[in-house]
Every structure is written in C-alpha cells, then in structure tokens.
**Q** 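Sharing a structure here in structure tokens format.
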Amino acid sequence: MGHANKIEKVRSALLRWYRAKGRDLPWRRTRDPYRIWVSEIMLQQTRVETVIDYYHRFLQVFPSVTALAGADLEAVLKVWEGLGYYARARNLHRGAQTIVEEWDGELPGTLQDLLCIPGIGRSTAGAILSLAFEISTPILDGNVKRVVARLFALRGDLKSPGVEQKLWKLSGALTPKRGVHHYTQAIMDLGAMICTPRKPDCPHCPLRNECKAFHLQWQEKIPSPTKKNSRPHHQVALGVIRKRGRILIYQRPSDGLLGGLWGFPNYRSRTRKGLLRALVQGVRKDYGIRMETGNPVGILSHGYTHFTVTFHLFECPCRDGEKIRKRAFPAKWVYPGELKNYPLASSDRKVIRKLSAISRQQSVKR
DNA sequence: AAGGCGGGGCT
DNA sequence: AGCCCAGCCTT
C-alpha cells in the first residue's frame, strides 16, 4: 500500500471514530485563543482530569489576557498552587504581558510569533494554531508520539532527537490541510483512550488495519522502554518555627525548584543525627534567628521528579523578642490562619495537615 | 545531548 | 517502586 493511501485511510478512520467516541472537554467548547492557550499550558505533562478544575478556576479569576497581564504573579501562583511545574504559571503571566505589549492583547496567529512567547514550544504552538486558528500545523505531544510510532513501527527512544525528527515529519504528513481542528483533537483522544502506553485497546482501534505495530504484534514493545535512573532519596529537616503564635515562612527564588512559592524553612542533612543541627545552623545563617529548641513532631515523605524526600518536622519555639536579622530569602512571620493566602508547595500543605492532626490528637489527650 | 522542573494516579 | 502525563527551557 502506498504512503499517501495509508495517510488518507488513517485520517478518515480517525475522524469517523472521533465523531462517535471523542471526549467533550471544557476547552473544546471555545475557540478563544486565550482559553486554548491556558489549557495547553496546563496540559503540559499533566493529565486531563487534573487540569479541568484548574482550568475553570483560572479563567474565572483571569478571564482575559489583560486581566492576567495586570495581575500580581503571586495571585497567579496561588491559583496554580498544587498543579506543579510552576515555571508554567510564571511564563503564562509574563506571556500575557508580552501579548499586551507586542500584539495589542491578541494572541498572534503565526508559528514564528507564538514561539516568541515564553512557555510556548513547537507542539503547544501547533495546538494553538490548529485548535484556535484552524491553521494546519502538526503537534507532537506524548499521545501523538506514541500513536505515530506505533502506526509506523518506529523503534528506539522516542525522546532521542533522531527519532523525534522522524516523528515530526510523520506527524506533519498526517496532519490534514482542512479540518485540522477535528483531526488534532481526534489523534490526541485516540492516544489517551485507545492507543494507551500500556495495554492498548487494539481490538477497538479504528487504525488497527493501518497500524504496522499491530500488524507485527509489536504494540506492547513500542514505545521501547528507556533506562530507569533511580531517584536519590534525601533527608530534610523542616522547621515549624514559632514566635508568639506566628510561624516563619520564606519565599523560594523564582529560578529553582518550586520557584516563587512560600514554605517552611528546610535543610538537607546527610545523616539523621545531623538533621536538627542543619536546621538550627541554616535558620541562623539565612535569617539570623536563634531557636531555643527543636522538638521532633513527625515525619512525612514526598516525591519530586528527580528525587524523593523524607521531611523530619521540628517544632521550634523562639523567644518573643527574636527578630529576622538576615534575609537570604524573603521571609516573614504569619499566623496559621494567614497561610491560606500564600501559594505553598504541595509538600508544605502536607505539613500543615500533619500539624493540625497532631494538635487534634493532643487536645483529645488533654 | 542531557538534565531540571511537580504532582498524582495507576500498575 | 516505577511509569507516565496535550513539554519547555537551560546548559
């Protein structure tokens, strides 16, 4: 069978399937480039089910490019809290300001211009052009990569530049000139619903007859597994440092892990015995604060992309007159009830829940 | 070319 | 415990 013939059959079978089985998702009920943009940024490396609530809340608070551009970054981070990859929120905020300044508040409708907006790469630009502007442009997200790799039985690491280049060419060849809006959503739905990473539902797949991987019975071998580097594990001392009913929090620098979020001071230690010392010395060095004691009150674990952490919680009372004398990072004393006003990392939310559980237990004992 | 960047759900 | 998710950016 010829290449062009296969492509035509894939397109028509895919669209027929999509009309019957495609998902109804919030961002498919609009053609507003701003809303499509917000959804695409949220969906980077994030599941559809996770995004839906954030999508509605975000647009309620920031209904337009100008509303977003005029907001405080902290307010944006607060709405983004818990969604992860916080650079996306910073880029969205800065991107809105770029759009107001450079394009009079309207998202540009060309690939070259979209790629100038922070956080928009080739695939996200392709999605915005296809879905909001109906301009035929390929995308290459995780779904499309997997579907295309199976359709053409591409072996090898799908993240390697060589394979990616082939995938981009094939995705481009498959992308139709007309009706790109439906096609792009259709191929993503197929990847999410049928052509899944593990145990693809080939019996119900509309592309079964055109799929080289299915023909060879390779569908479970593609994508080929990549090498697993085990994540290191860190022991971290975390201080709930109290003074007259208030707690010390600090703001992380915007360029690192959890950038821009607030949290409880925490310091890594090589050994368990060294935890409290690391905390006491760190707080003294970074904030010039001397703590009276540190009482271990609990432990919790948390996983990040490249490492896992065991947090060792310490309750640390300070003298009433103790002051912040240095500011290695922005820092302040806040009442527990004020914590909800700050964007906090998921791990720090866990700490708060743990603390309230502990205080409930203690009040029961008394 | 490789690594950093979250969090949660599924196996 | 490992894998993956509607990727992008920096080095």
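Below, read A as the first sequence line, B as the second, and so on, with proteins coming before strands; counting in each chain starts at 1.
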**Q** Rounding to the closest angstrom, what is the interatomic distance between B:dC10 and C:dA6 at atom P?
**A** 14 Å
**Q** In whole angstroms, how far is the C1' atom of B:dG7 from the CG atom of A:Leu344?
**A** 15 Å
**Q** If you assign A:Lys159 and A:Pro223 each to the DNA chain C nucleotide with the nearest heavy atom, which residue ends up on the more 5' nucleotide?
**A** A:Pro223
**Q** I want to confirm an ordering. Mapping A:Glu49 and A:Arg88 to their closest nucleotides on DNA chain B, which one lands closer to the 5' end?
**A** A:Arg88
**Q** Touch check for A:Leu258, heavy atoms < 4.0 angstrom, all strands: base, sugar-phosphate only, or nothing?
**A** sugar-phosphate
**Q** What nucleic acid atoms does A:Thr124 come within less than 4.0 Å of, heavy atoms only: base, sugar-phosphate, or nothing?
**A** sugar-phosphate
**Q** Nearest whole angstrom, please: distance from the P of C:dC5 to the CD1 of A:Ile52.
**A** 18 Å
**Q** Under the 3.5 Å rule, do the base of B:dG9 and the side chain of A:Thr50 count as making a donor-acceptor pair?
**A** no
**Q** Between A:Gly256 and A:Ser160, just flag the one whose closest nucleotide in DNA chain B comes earlier from the 5' side.
**A** A:Ser160
**Q** Just do the side-chain contact (heavy atoms from CB on, under 4.5 Å) check on A:Val51 and A:Trp27 with the steps written out, would you?
**A** CA-CA 11 Å; A:Val51 165; A:Trp27 42 90; 3.9 Å; yes
**Q** Which part of the nucleic acid does A:Leu25 contact within heavy-atom distance under 4.0 Å: base, sugar-phosphate only, or nothing?
**A** base
**Q** Between A:His306 and B:dC5, is there a contact of a side-chain N or O with OP1 or OP2 at under 4.0 Å?
**A** no
**Q** As a test of reading the structure: which of C:dC3, C:dC8, B:dG6 is closest to the side chain of A:Arg198, going by heavy atoms?
**A** C:dC3
**Q** Using a cut-off of 4.0 Å on non-hydrogen atoms, how would the nucleic acid contact of A:Trp27 be classed: base, sugar-phosphate, or nothing?
**A** base
**Q** Which whole-number value in Å describes the distance from A:Leu129 CG to C:dA6 P?
**A** 20 Å
**Q** For B:dG3, what is the paired nucleotide under Watson-Crick or G-U wobble rules, both distances under 3.5 Å?
**A** C:dC9
**Q** Mind checking if A:Gly82 touches a base, just sugar-phosphate, or nothing, with heavy atoms under 4.0 Å?
**A** sugar-phosphate
**Q** Whether A:Arg146 contacts C:dC5 is assessed here as follows: a side-chain N or O lying under 4.0 Å from the phosphate OP1 or OP2. Is that the case?
**A** yes
**Q** When you check the gap from the basic side-chain N to the acidic O, do A:Glu220 and A:Arg198 get nearer than 4.0 Å?
**A** no
**Q** Rounding to an integer number of Å, can you tell me how far A:Ile41 CD1 sits from C:dC9 P?
**A** 8 Å
**Q** If you measure from the Lys or Arg side-chain nitrogens to the Asp or Glu carboxylate oxygens, is any gap between A:Lys145 and A:Glu164 under 4.0 Å?
**A** yes
**Q** Does C:dG7 have OP1 or OP2 sitting under 4.0 Å from an N or O in the side chain of A:Gln45?
**A** yes
**Q** Less than 4.0 angstrom between a side-chain N/O of A:Ser346 and OP1 or OP2 of B:dG8, yes or no?
**A** yes
**Q** May I ask you to say what A:Ile139 touches in the nucleic acid, namely base, sugar-phosphate or nothing, with a heavy-atom cut-off under 4.0 Å?
**A** nothing
**Q** Closer to the 5' end of DNA chain C via nearest nucleotide, is it A:Ser39 or A:Ile120?
**A** A:Ser39
**Q** What nucleic acid atoms does A:Val144 come within less than 4.0 Å of, heavy atoms only: base, sugar-phosphate, or nothing?
**A** nothing
**Q** In whole Å, I'd like the distance from the CG atom of A:Asp157 to the C1' atom of B:dA2.
**A** 12 Å
**Q** Taking the six-membered ring for Trp and the full ring for Phe, Tyr or His, determine whether the centres of A:Phe58 and A:Tyr54 are under 6.0 Å apart.
**A** no
**Q** Could you go through A:Asn209 and A:Phe214, starting from their C-alpha distance and side-chain angles, then the distance that decides it, and tell me whether this counts as side-chain contact (heavy atoms from CB on, under 4.5 Å)?
**A** CA-CA 8 Å; A:Asn209 293 335; A:Phe214 180 71; 5.8 Å; no
**Q** In whole angstrom, what separates A:Glu81's CD from B:dG6's P?
**A** 14 Å
**Q** Remember a base hit wins even if backbone is also touched, and classify A:Arg28 as base, sugar-phosphate or nothing at under 4.0 Å, heavy atoms.
**A** base
**Q** Looking at C:dA6, B:dA1, B:dG6, which one has an atom nearest to any side-chain atom of A:Pro161?
**A** B:dA1
**Q** Is A:Arg231 touching bases, backbone alone, or none of the nucleic acid, heavy atoms closer than 4.0 Å?
**A** nothing
**Q** For B:dG6 versus C:dC5, give the span between their C1' atoms, rounded off to a whole number of Å.
**A** 12 Å
**Q** Let me know which of A:Thr175, A:Thr184, A:Leu129 forms a side-chain contact (heavy atoms from CB on, under 4.5 Å) with A:Thr137.
**A** A:Leu129
**Q** Atom CG of A:Leu261 to atom C1' of B:dC5: distance rounded to whole Å?
**A** 12 Å
**Q** In whole angstroms, how far is the C1' atom of C:dC5 from the CG atom of A:Leu158?
**A** 14 Å
**Q** May I ask you to decide if the ring planes of A:Phe311 and A:His302 are parallel, tilted or perpendicular, using 30° and 60° as cut-offs?
**A** tilted
**Q** Considering every strand and a 4.0 Å limit on heavy-atom distances, what is the contact class for A:Tyr304: base, sugar-phosphate, or nothing?
**A** sugar-phosphate
**Q** So does A:Tyr86 get a side-chain nitrogen or oxygen closer than 4.0 Å to the phosphate oxygens (OP1/OP2) of B:dG7?
**A** yes
**Q** Can A:Arg325 and A:Ile289 be said to form a side-chain contact (heavy atoms from CB on, under 4.5 Å), step by step?
**A** CA-CA 7 Å; A:Arg325 294 185 178 81; A:Ile289 291 173; 5.8 Å; no
**Q** Do A:Arg47 and C:dC4 have a side chain to base donor-acceptor pair shorter than 3.5 Å?
**A** yes
**Q** Expressed as a whole number of Å, how far does the C1' atom of B:dC5 sit from that of C:dC4?
**A** 15 Å
